[in-house]
**Student:** 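The structure under discussion is supplied below as structure tokens; questions concerning it will follow.
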Amino acid sequence: MSEPEVATPLRERTGHALRDPFLQQALTIATTRFIDLRREAFGDFPDGESLRDRARAIKEATLQRLDHHVERLVASVESRGGHVHYAVTAEEARAIVLDIARRSGARLAVKSKSMATEEIHLNEALATAGVTPVETDLGEYIIQLAHERPSHIIAPAIHKTRGQVAELFERELKRPAAPDPEALTAIAREELRRRFLDADLGITGANFAVAETGTVVLVTNEGNGRMVTSLPRVHVALMGVEKVIPSMSDLMVFLAVLARSATGQKLSVYTSLVSGPRRGGELEGPEEFHLVLLDNGRIAQIAGSLREALACLRCGACLNVCPVYRQIGGHAYGYTYPGPIGILLTAMLNGPRSVKDLAHASSLCGACADACPVRIDIPRMLIELRREVDERRIAPRGERAAFRALARLLVRPAWYRLTARVARVLQAPFVRGRTIRRVPFDLGEWTRTRDLPAVAPRTFQERWAALEREGR
Amino acid sequence: MATKAEFLGRIRAEMARTPGLFTVAAAPWPARPGERLALLRRELAERWPATLERFARELERVGGVFHRVASPGEVAGLVADLARAGAMERVVAWAPGALGLDLAGPLAARGLSAVAMPEGDVAASERTRLREVAAVADLGVTGVDLAIAETGTLVVVSGAGRPRSTSLLPPCHVAVLDREALVESLEQAGLVLEAWHDGEAGPAGGASINFITGPSRTADIELTLTRGVHGPKELHAVFVEQGLARPRHG
Ligand code: SF4
């Protein structure tokens, strides 16, 4: 179990988000923009659909022989002079990175955006061990200065206004900052440039790792991934073990769908392919290269119910189209990975208990599965997860009782008809037009923010029966 | 901390629990990339003008600037013009052998301070010094190992005489290419990378390959597109019609 239970309940977290007018506006603008960009990108890309199929097939085939591909990756990285480490848990992963940091005498670590390092809460561990971690992706840098967590996988600071960023820079960096994105970006460039050159340790995740060539692949738009893998003396890449892919040709398939899905670009600005440490004759590049392979609940899903989620590229497309995410944003989910896929990943990393509420934070509309470049059937797994949550009896008691009662009714037509008739009588005092605005007692939660349709004066079954009688 | 054997053992144990799942064959290894590449090169040689046109169009779409000169001798003049236009003085460049072109002399003659990077192994202290030179430079000139028309991408391989920093630290990056570098698609680029790995003469023995598609950018503050956050703000590609004097490679 890698993450602590979230202290505030989901209801409170979403309430918070829903009452924040700026967040609401920012979320709408950002997600709408991302959706449009993605649609345009795939719109004039005739090969898009077949490449998505291909990408999924590669992931599937790789997973089916994961042992083979991991073994191959390890051999290639080692033949390039790199070191490979194996972490079963988040604790182990942290210990491995800390050990590398200690042995290299590192004081300052620069990081390129990596969900895997967020997942294991590496920054806190580094700081405790006396190593200052500096996030270098602009969005992550802002979030780090503000002591917050990312709200979107692709745009971590979308919940902040330029004014808030300017204030933050003035307070934390002790220098004047105009509320203008261009000027603020220039400040970050200057502040971080020195850090890149001074850092002893570069820490990254990996978007992919090519087994055949021993290559870790990083995709960024800003260039920080290149800095982090080129300038510090030691480079550590931490990656979920499922990120391995067989060949360079496979990589090209993923590159063609990844940026289009994430930001609507044909390709992100920089795709960096790093194979081991600096080689003879090179002026720059790390003296040491370490690859940390992370399990943390992934391996158990190779044969588990969340297996499909192992194909995720972390592109964020499913967040942008999710009607729930669009309302509540990333923070309300409470864990490292937000959005529909985030619920599944949270269950994978922390067990199903951790998502007993979150599993319901989806309308099961299917938009996520449509948007996903590797066609992960997120709704199907969410339904399974709900069932699992229910079977383990970790769902709220009232809810379980209600569904049990419903289940009995549904298999007994006579009782069901009777209940409809009884309900019609009982509902009478509450019906306004054709809806019930408010249900009394504890059940009132249901109608606090929505109306309940009233039981019709004549049910469909009754009308059908009447029609049949007339027909005869 | 797990050992390799333990880790693989965990994976195999899970795989064994669901034998029914594991029937699909793994993705096939691409066979004989070298031979397929030779074939492709012959085709590309016939189609290059269209490929170049598409490359130029896509490069400009992502915010790069395309230039075309007839001979290698004209590159220095173009670089000097770009430098003057942007009030830039300090230039760093790949080693003449890696670039296929000696720029330091001609640029100095045009009043710029130009440093060409050394090609051989150098001492650690010298490496640090050269990195600082690149860090304060205004403009970096590199070669191009592949130019992908489909996406307007420049592929740059690190190695002796071709430091990673030249295309990264200065705010302006000028990349010089010729016909040899052009490919049409990402798929073809993948084939080339495989051929290099398979032993086909690659451009360099470095550990880093970068795909560069436009100037460095971010939209992290209110989704406002801003250029030059960590990498270069300006990106120029210079196509040399007569070709560069670099050693031919796969
Ligand atoms: S589940 Fe699919 S859409 Fe969502 S982040 Fe992963 S790859 Fe992207």
Side-chain angles (χ1 to χ4, degrees), chain A residues 30 33 58 60-61 64-67 70-71 74 86 88 92 96 138-139 155 157 161-162 165 181-182 184-185 189 197 213 221-224 226-227 230 246-252 255-256 266-267 269-285 295 299-300 302-303, chain B residues 1-4 7-8 10-12 14-15 17-18 21-22 24-27 29-30 117 120-122 127 130-131 135 151 153 158-160 163-165 168 186-187 189-191 193-194 197 205-214 216-224 226 228-231:
Chain A
R33 171 89 71 87
I58 295 168
E60 201 55 40
Q64 300 214 358
R65 294 198 60 205
L66 189 63
D67 60 335
V70 168
E71 215 170 4
V74 170
Y86 311 88
V88 174
E92 286 185 11
I96 290 167
L138 178 58
T161 62
R162 60 186 74 191
V165 176
E182 185 104 16
L184 294 168
T185 303
R189 177 184 170 105
L197 292 166
T213 55
N221 271 321
E222 301 180 358
N224 52 325
R226 298 183 62 191
M227 298 279 186
S230 297
S247 72
M248 287 290 180
S249 288
D250 296 327
L251 174 64
M252 298 303 137
L255 292 181
K266 285 189 174 177
L267 217 52
V269 176
Y270 300 112
T271 302
S272 307
L273 283 60
V274 180
S275 310
R278 182 182 81 87
R279 312 204 102 202
E282 279 200 84
L283 285 185
E284 300 111 3
D295 170 357
I299 291 176
I302 293 175
Chain B
M1 267 131 272
T3 65
K4 175 177 158 191
F7 201 77
L8 286 170
R10 288 175 68 85
I11 295 176
R12 292 195 177 113
E14 287 304 318
M15 289 171 65
R17 286 198 337 158
T18 52
L21 263 182
F22 302 94
V24 177
W29 294 114
M117 292 291 157
D121 247 323
V122 295
R127 291 211 310 269
L130 287 168
R131 196 176 81 167
T151 51
T153 299
S158 73
R164 308 170 188 206
S165 59
L168 182 60
L186 278 171
E187 190 183 346
L191 179 63
L193 294 182
E194 260 148 30
H197 179 73
S208 168
I209 300 175
N210 271 288
F211 285 45
I212 301 172
T213 311
S216 157
R217 58 177 254 179
T218 185
D220 276 350
I221 301 176
E222 290 191 10
L223 292 183
T224 311
T226 311
V229 52
H230 293 307

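Labels below follow one simple rule: chain letters A, B, ... track the order of the sequence lines, proteins then strands, and each chain is numbered from 1.
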**Student:** Is A/Glu222 reaching over with its side chain to a backbone N or O of B/Thr218, donor-acceptor style, under 3.5 angstrom?
**Tutor:**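 Judged by distance alone, no pair lies under 3.5 Å.
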
**Student:** State, to 0.1 Å, how close A/Ser230 and B/Arg164 come at their nearest heavy-atom pair, and which atoms those are.
**Tutor:**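 Nearest pair, atom of A/Ser230 first, then B/Arg164: OG-CD, 3.2 Å.
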
**Student:** Distance from B/Ile11 atom CD1 to A/Ile302 atom CD1, nearest 0.5 Å?
**Tutor:**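 Going from CD1 on B/Ile11 over to CD1 on A/Ile302, the span is 5.5 Å.
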
**Student:** Nearest 0.5 Å, what's the CG-CG distance between B/Asp220 and A/Asn221?
**Tutor:**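 With rounding to 0.5 Å, CG (B/Asp220) is 9.0 Å from CG (A/Asn221).
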
**Student:** If you compare all heavy atoms of A/Tyr270 against all heavy atoms of B/Gly231, which two are closest, and at what distance to 0.1 Å?
**Tutor:**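 Result for this residue pair: OH-CA, 3.9 Å.
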
**Student:** Measure across A/Leu283 and B/Pro163 and return the closest heavy-atom pair with its distance rounded to 0.1 Å.
**Tutor:**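 Nearest heavy atoms, A/Leu283 then B/Pro163: CD1-CG, 3.6 Å.
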
**Student:** Could you check B/Thr213 against A/Lys266 for side-chain contact (heavy atoms from CB on, under 4.5 Å), going step by step and ending with a plain yes or no?
**Tutor:** CA-CA 9 Å; B/Thr213 311; A/Lys266 285 189 174 177; over 6 Å; no

**Student:** Does any backbone or side-chain atom of A/Leu251 lie under 4.5 Å from a heavy atom of chain B? Answer side chain, backbone, both or neither.
**Tutor:**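 For A/Leu251, there is no contact with chain B at all, as no heavy atom is under 4.5 Å.
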
**Student:** Taking side chain to side chain donor-acceptor pair (under 3.5 Å) as the test, write out the residues that go with A/Glu92, two or more places apart.
**Tutor:**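 Applying side chain to side chain donor-acceptor pair (under 3.5 Å) to A/Glu92 gives none.
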
**Student:** Which residue out of A/Thr213, A/Ile96, A/Val274 racks up the most heavy-atom pairs below 4.5 Å with chain B?
**Tutor:**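 Between A/Thr213, A/Ile96, A/Val274, the count favours A/Thr213.
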
**Student:** How many angstroms lie between OG1 in B/Thr151 and CG in A/Leu255, if you round to the nearest 0.5 Å?
**Tutor:**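 Here the interatomic distance stands at 9.5 Å.
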
**Student:** Looking at A/Glu282 and B/Gly206, would you say the former's side chain and the latter's main chain have a donor-acceptor pair under 3.5 Å?
**Tutor:**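 No, A/Glu282 side chain to B/Gly206 backbone: no donor-acceptor pair under 3.5 Å.
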
**Student:** Counting only heavy atoms not in A/Glu71 (residues, nucleotides, ligands), do more than 12 fall under 6.0 Å from its CD?
**Tutor:**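 Counting other residues, nucleotides and ligands, CD of A/Glu71 exceeds 12 neighbours.
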
**Student:** Does the A/Arg189 side chain pair with the main chain of B/Gly228, one donor and one acceptor, at a distance under 3.5 Å?
**Tutor:**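 It does hold such a pair.
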
**Student:** Backbone N or O of B/Ala160 within a donor-acceptor pair of the A/Arg279 side chain at under 3.5 Å?
**Tutor:**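 No.
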
**Student:** Out of curiosity, A/Arg226 CZ to B/Ser165 OG, how far, rounded to the nearest 0.5 Å?
**Tutor:**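 Result: 9.5 Å between the selected atoms.
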
**Student:** Can you tell me how far apart CD1 (A/Ile299) and CD (B/Glu14) are? Round to the nearest 0.5 Å.
**Tutor:**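 So the gap between those two atoms works out to 8.0 Å.
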
**Student:** Among B/Thr224, B/Leu193, B/Leu223, which has the most heavy-atom pairs under 4.5 Å with chain A?
**Tutor:**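 Answer, by heavy-atom pair count under 4.5 Å with chain A: B/Leu223.
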
**Student:** Contact part of B/Thr153 toward chain A, heavy-atom cut-off under 4.5 Å: side chain, backbone, both or neither?
**Tutor:**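 Just the side chain, heavy atoms under 4.5 Å.
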
**Student:** Taking only residues two or more places apart in sequence, or in another chain, which ones meet B/Phe7 in a ring pair (Phe, Tyr, Trp, His ring centres under 6.0 Å)?
**Tutor:**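 So B/Phe7 forms a ring pair (Phe, Tyr, Trp, His ring centres under 6.0 Å) with A/Tyr86.
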
**Student:** What's the shortest heavy-atom distance between A/Pro277 and B/Ala207, and which atoms?
**Tutor:**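 Taking A/Pro277 first and B/Ala207 second, the nearest heavy atoms are O-CB, 3.2 Å.
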
**Student:** Does any part of the side chain of A/Leu267, heavy atoms only, come nearer than 4.5 Å to the side chain of B/Leu186, both counted from C-beta?
**Tutor:**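 When only atoms from C-beta onward are counted, A/Leu267 and B/Leu186 do touch, with a gap below 4.5 Å.
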
**Student:** Taking A/Ser272 for its side chain and B/Asn210 for its backbone only, find out whether a donor-acceptor pair lies under 3.5 Å.
**Tutor:**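 No; judged by distance alone, with no hydrogens or angles, the pair does not exist.
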
**Student:** Side chain, backbone, both or neither: which part of A/Arg33 has a non-hydrogen atom closer than 4.5 Å to chain B?
**Tutor:**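 For A/Arg33, side-chain heavy atoms alone lie under 4.5 Å from chain B.
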
**Student:** What closest approach, in Å, do B/Arg131 and A/Leu197 show between heavy atoms, and which atom pair accounts for it?
**Tutor:**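 That closest heavy-atom pairing would be NH2-O, 2.7 Å.
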
**Student:** So which part of B/Leu130 gets closer than 4.5 Å to some heavy atom of chain A, the side chain, the backbone, both or neither?
**Tutor:**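 It is the side chain, since no backbone atom gets that close.
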
**Student:** Considering only heavy atoms and a distance below 4.5 Å, find which of A/Gly285, A/Ala155, A/Gly276 pairs most often with chain B.
**Tutor:**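 Going by pairs under 4.5 Å, I would pick A/Gly285.
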
**Student:** For the pair B/Glu222 and A/Arg162, find out whether any cationic side-chain nitrogen is under 4.0 Å from an anionic carboxylate oxygen.
**Tutor:**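 Salt bridge present between B/Glu222 and A/Arg162.
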
**Student:** Nearest 0.5 angstrom please: A/Ser275 OG to B/Ile209 CD1, how far?
**Tutor:**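 Rounded to the nearest 0.5 Å, the OG-CD1 separation comes to 6.0 Å.
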
**Student:** B/Glu194 and A/Ser249: which non-hydrogen atoms are nearest, and at how many Å?
**Tutor:**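 Nearest pair, atom of B/Glu194 first, then A/Ser249: OE2-N, 2.7 Å.
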
**Student:** Heavy-atom pairs under 4.5 Å with chain B are the metric here; pick the option from A/Pro181, A/Gly139, A/Ala157, A/Ala30 that has the most.
**Tutor:**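 If we count pairs closer than 4.5 Å to chain B, A/Pro181 comes out on top.
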
